[in-house]
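What follows is a single structure, written as structure tokens, with notes after it.
The figures that follow rest on heavy atoms only: side chains count, while hydrogens, waters and symmetry mates do not. Computed from a predicted model, the values in this text were never measured in an experiment.
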Amino acid sequence: MRLKLKYISFIIFLLVGINKVNSQQVTDSIDWTELDDFELIKKRSGTSTLGGPEIGFKVNQTELFRAACCNLGESFTTNPSVDVSYTDAATGSKQIKLLGLSGNYVQLLAENLPNFRGAARPYALRYVPGPWLKSISVSKGSSNVKTGFEAMSGQIDVEYLKPQDPEGVVLNAYFDSQLKLELNADANFHISPTLNTEILGHFEDRFMSHDSNHDGFTDMPDIRQFNFQNRWNMFLPSYIMHAGIGVLNEKSLAGQLTHHSGSHDDNLYKIDMKTQRYEAYMKHAFILDKSHNSNIAWMSNASFHKLDALYGIKGFDVDEWNVFSQLMFESDFNERNNFSGGISYNYDYLDQNLLMTPTTPQKIKEKETTMGGYVQYTWKPSEKFTLMGGIRGDWSSLYKWFFTPRFNLRYSPIESLTFKVSAGKGYRSVFAWAEYNYLLASSRALVIENLNQESSWNYGFNIEYRLPINAETLRFSTEYYYTHFNRQVIVDYESPHVLTIGNLDGKSFSHTFQIEASYESSFGLSATAAWRLNDVKTTYNGVLLEKPLNSLYKGLLTVSYSTPMDIWQFDVTLQVNGGGRMPAPYKLNDAEWSWSERFPTYPMLNFQATRWFRHFSIYAGAENITNYRQKNPIIGSSDPWGPDFDSTLVWGPIDGIMFYAGIRFNFGKL
């Protein structure tokens, strides 16, 4: 047990003894409309539909505060469209799923700049602290061509808190029943009327290893993370600048526990991961003509990501450099016509060391340079109709020339009814060892073939109808997406004792259908109900099969109630995740079957209560209240050095019910 009493004493003092501040969270969620003799207060919706022709939605802080939201991976608890699940039961890596497809096909952006590539992708969701987020924009299916060609199922763009936000210091503290502590800080300083800076800080640590299913392995890794950003902006009449730097240091320890093993510590199966990440970004916008929104913008970011990982006796180290730069021009020719064009450059370099056995080290170097350009035109003849089309051409040092057309249309024949249609292509280069290094936490032999660039087409439509009910609105939406892969990299779990990462030989596609209804009342009650069906199939060894470890459907019901004057807020979220197919089972050494052919439907129930004060708020809640857990998420856990050990077949929750509490407060201007 690794218990740090001084940290626990500090958090108890913090949660109980501080009686200050956080009015910003309340005022940020309210729109004020001034009338003649009084003010009408209207609470801002936590989730809103993207206003342009792209299909998607935006999540703001009102929605993020409805759950603990410790990091980006926990920010979609109340959302029916995005799933977040474990990819491995030993390392704690998680992935986003959108349109029934792996998070590898979602382009991750940080304020419109591509980010978290290669080795950072399996663990990227825990690199973005939730209290740092101002909003999250999710584009489904085919998005625009401005930010590149990699969005195959959609884009997720995170917006951080801004240096130009109200000056002051905001702190957040979180503690849960699994003895995890998180501390977050956001400090804004307005140096002059045109220059602002911001410091974002994050610390987390887990004081104890947990093994609630008694399989001898930690349910989740013990993570200690330090995360820091310094952000700047400058506003002049004809020039805008944003720039910043970030530093992350993380140590993650998982694997066998001493008190569940008869072996000495030297023989325990351990997973030890050390991560260092450094990044910097800058954006420059030169305003040419305000009346036509004409501007030239130059935006760039660069990162260095270092991972040293040990999986039992297997080792994987990588030093990864990425540089992205883009020059853009945009202008409204008139109220109906908008043009955007630009050129971009991206460079990836990975220096990797692989140790499969103590005597067979391998050095693997991969690099790719991609240069390209795009044009995009938006035609909006009226408020009812918007058409956006774009095409980009890119040249890769590995794959030569390829082209990405995309198309989005919005039509609203009446104010309460909106149709959206999208179609487009996407591409992705795969750095398999870096992106799938968590698969080394298995005794299976890992085989990686000579991989092609991935390519797919995506088609989608969305219908939204808003039914007025007195002064409120009941919103219905229906959507469907079809993704068809021309080329795809497949992780094949179907053969016993072997994992093969290879190229698709046959068909691969995804059909996704979702219906959703939401309602917000003036007396503090809001609710969302949704149902989604996924039909995802891929060809394995010449046979078209349902993709394994993928839920066939998802149902969601989330309800929020705020008392008058927003003094108390109560949030309940219920998820029902449909069952699905497991990879082909086989007999273990003890003659038992490795697993069932299918996994069952399972529920997830979360609750949170928040007490708002004038200058601070306190929240407490519970996750996975039904205490549902996947039985035996680690195959062969009793003999991790044996041929049957495998921690990569995760389809449900690993840890059981968890209670938490926290406080958000704002010191204001110091």
**Study point:** Any Arg117 side-chain heavy atom under 4.5 Å of Glu150 side chain
**Key:** yes
Point to revise | Residues Lys134 and Glu159 bridged, charged N to O under 4.0 Å | key: no
Point to revise | Donor-acceptor pair, side chain of Gln229 and main chain of Leu200, under 3.5 angstrom | key: no
Review point. For Ala243, what residues pass the side chain to side chain contact (heavy atoms under 4.5 Å, CB included) criterion, not counting sequence neighbours?
Key: Met241, Met282
Check your understanding: Parallel, tilted or perpendicular for Phe304 and Tyr278, by the 30°/60° rule?
Key -> parallel
Exercise for review: Go through the side-chain N and O atoms of Asn458 and Thr483 and say whether any donor and acceptor fall under 3.5 Å apart.
Suggested key: yes
Review point. Hey, is NZ on Lys58 packed in by over 12 heavy atoms from elsewhere, all under 6.0 Å?
Key: no
Exercise for review: Give a yes or no answer on whether the side chain of Ser397 reaches the backbone of Thr369 with a donor-acceptor pair at less than 3.5 Å.
Suggested key: yes
Check your understanding: Side chains of Asn338 and Lys380: does their closest heavy-atom pair fall under 4.5 Å?
Key -> no
Check your understanding: When the ring planes of Tyr480 and Phe461 are compared, do they come out parallel, tilted or perpendicular, using 30° and 60° as the limits?
Key -> tilted
Review point. Are any of the side-chain heavy atoms of Tyr127 and Asn71 separated by less than 4.5 Å?
Key: no
Review point. Which of these, Thr378, Asn337, Asn293, sits in a side-chain hydrogen bond (donor to acceptor under 3.5 Å, both in side chains) with Asp332?
Key: Asn293
Review point. Of Ile490, Val447, Leu446, which meets side chain to side chain contact (heavy atoms under 4.5 Å, CB included) against Ile501?
Key: Leu446
Review point. Is there a donor in the side chain of Asp505 and an acceptor in the side chain of Asn541, or the other way round, less than 3.5 Å apart?
Key: no
Exercise for review: Quick one: pull up CH2 in Trp651 and CG in Asn550 and give me the separation to the nearest 0.5 Å.
Suggested key: 14.0 Å
Point to revise | Heavy-atom pair of closest approach, residues Val323 and Ala302 | key: CG2-CB, 4.2 Å
Point to revise | Test item: Thr500 side-chain N/O and Gly502 main-chain N/O as donor-acceptor pair under 3.5 Å | key: no
Exercise for review: Please name the pair of heavy atoms, one in Val82 and one in Leu98, separated by the smallest distance, quoted to 0.1 Å.
Suggested key: CG2-CD1, 4.0 Å
Point to revise | Value rounded to 0.5 Å, distance of OH in Tyr160 from CG in Asp186 | key: 13.0 Å
**Study point:** Derivation and outcome, ring pair (Phe, Tyr, Trp, His ring centres under 6.0 Å), residues Trp457 and His484
**Key:** CA-CA 5 Å; Trp457 284 92; His484 165 72; 9.2 Å; no
Exercise for review: Might you work through the side chain to side chain contact (heavy atoms under 4.5 Å, CB included) test for Val318 and Trp433, ending with a clear yes or no?
Suggested key: CA-CA 9 Å; Val318 57; Trp433 286 110; over 6 Å; no
Point to revise | Ala423 backbone acceptor or donor facing Ser142 side chain under 3.5 Å | key: yes
Practice item. Please identify each residue that fulfils ring pair (Phe, Tyr, Trp, His ring centres under 6.0 Å) with Tyr311, with sequence neighbours left out. Key: none
Practice item. Using ring pair (Phe, Tyr, Trp, His ring centres under 6.0 Å) as the criterion, list what pairs up with Tyr281, not counting sequence neighbours. Key: none
**Study point:** Check: Val536 main-chain N/O paired with Asn534 side-chain donor or acceptor under 3.5 Å
**Key:** no
Point to revise | Tyr374 and Ser340 side chains, donor-acceptor separation under 3.5 Å | key: yes
Practice item. Using the salt bridge (charged side-chain N to carboxylate O under 4.0 Å, His left out) rule, collect all pairs that involve residues 435-454, keeping only residues at least two apart or in two chains. Key: Arg428-Glu435, Arg428-Glu454, Arg444-Asp646
Check your understanding: Would Phe203 and Phe226 count as a close aromatic pair, with their ring centres under 6.0 Å?
Key -> yes
Point to revise | Test: Lys162 and Glu111 ion pair at under 4.0 Å | key: yes
Review point. Above 12 or not: heavy atoms from other molecules or residues under 6.0 Å from NZ of Lys251?
Key: yes
Review point. If every non-hydrogen atom of Ala124 is compared with every non-hydrogen atom of Leu108, which pair is closest and at what distance?
Key: CB-CD1, 4.3 Å
Point to revise | Check ion pair Lys146-Glu330 (N to O, under 4.0 angstrom) | key: yes
Check your understanding: How about Val138 and Ile136: do any of their side-chain heavy atoms sit closer than 4.5 Å?
Key -> yes
Check your understanding: Would Glu204 and Arg126 count as a salt bridge (charged side-chain N to carboxylate O under 4.0 Å, His left out) if you check the C-alpha gap in whole Å, the side-chain angles of each, and the deciding distance to 0.1 Å?
Key -> CA-CA 11 Å; Glu204 69 175 86; Arg126 68 192 192 203; over 6 Å; no
Point to revise | Basic-acidic side-chain contact under 4.0 Å: Lys306, Asp317 | key: no
Practice item. For Arg392 and Gly372, work out which heavy atoms get closest and say how close. Key: NH2-C, 4.3 Å
Study note, to complete from the structure: Interatomic distance, NZ@Lys140 vs CD@Gln155, rounded to 0.5 Å, equals 14.0 Å
Practice item. Measure the shortest side-chain to side-chain distance between Tyr438 and Ile271 over non-hydrogen atoms and say whether it is less than 4.5 angstrom. Key: no
**Study point:** Side chain to side chain, Gln326 and Pro114, heavy atoms closer than 4.5 Å
**Key:** no
Practice item. Classify the side-chain pair Asn230/Thr197 by whether it contains a donor and acceptor separated by less than 3.5 Å. Key: yes
Point to revise | Test of ring centre spacing under 6.0 Å for His511 and Tyr482 | key: yes
**Study point:** Pairs touching residues 278-290 that satisfy salt bridge (charged side-chain N to carboxylate O under 4.0 Å, His left out), sequence neighbours left out
**Key:** Arg277-Glu279
Exercise for review: Evaluate the ring planes of Phe339 and Phe333, with Trp represented by its six-membered ring, and classify them as parallel (under 30°), tilted (30 to 60°) or perpendicular (over 60°).
Suggested key: parallel
Check your understanding: Regarding Glu368 and Ser396, is there a side-chain donor-to-acceptor distance under 3.5 Å anywhere?
Key -> yes
Review point. Is Trp298 atom CH2 crowded by more than 12 heavy atoms from other residues, nucleotides or ligands, each under 6.0 Å away?
Key: no
Review point. Which heavy atom of Lys420 sits nearest a heavy atom of Gly51, and at what distance?
Key: NZ-C, 4.4 Å
Point to revise | Listed partners of Lys507 passing salt bridge (Lys or Arg N to Asp or Glu O under 4.0 Å), at least two apart | key: none
Exercise for review: Determine yes or no for a side-chain-to-main-chain donor-acceptor pair under 3.5 angstrom, with Gln61 supplying the side chain and Leu133 the backbone.
Suggested key: yes
**Study point:** Where Val106 and Ser153 come nearest, the two heavy atoms and their spacing
**Key:** CG2-OG, 3.4 Å
Practice item. State, yes or no, whether a side-chain contact exists between Leu387 and Phe407 at a heavy-atom distance under 4.5 Å. Key: yes
Check your understanding: Can you tell if the side chain of Ser344 reaches within under 4.5 Å of the side chain of Phe324, non-hydrogen atoms only?
Key -> yes
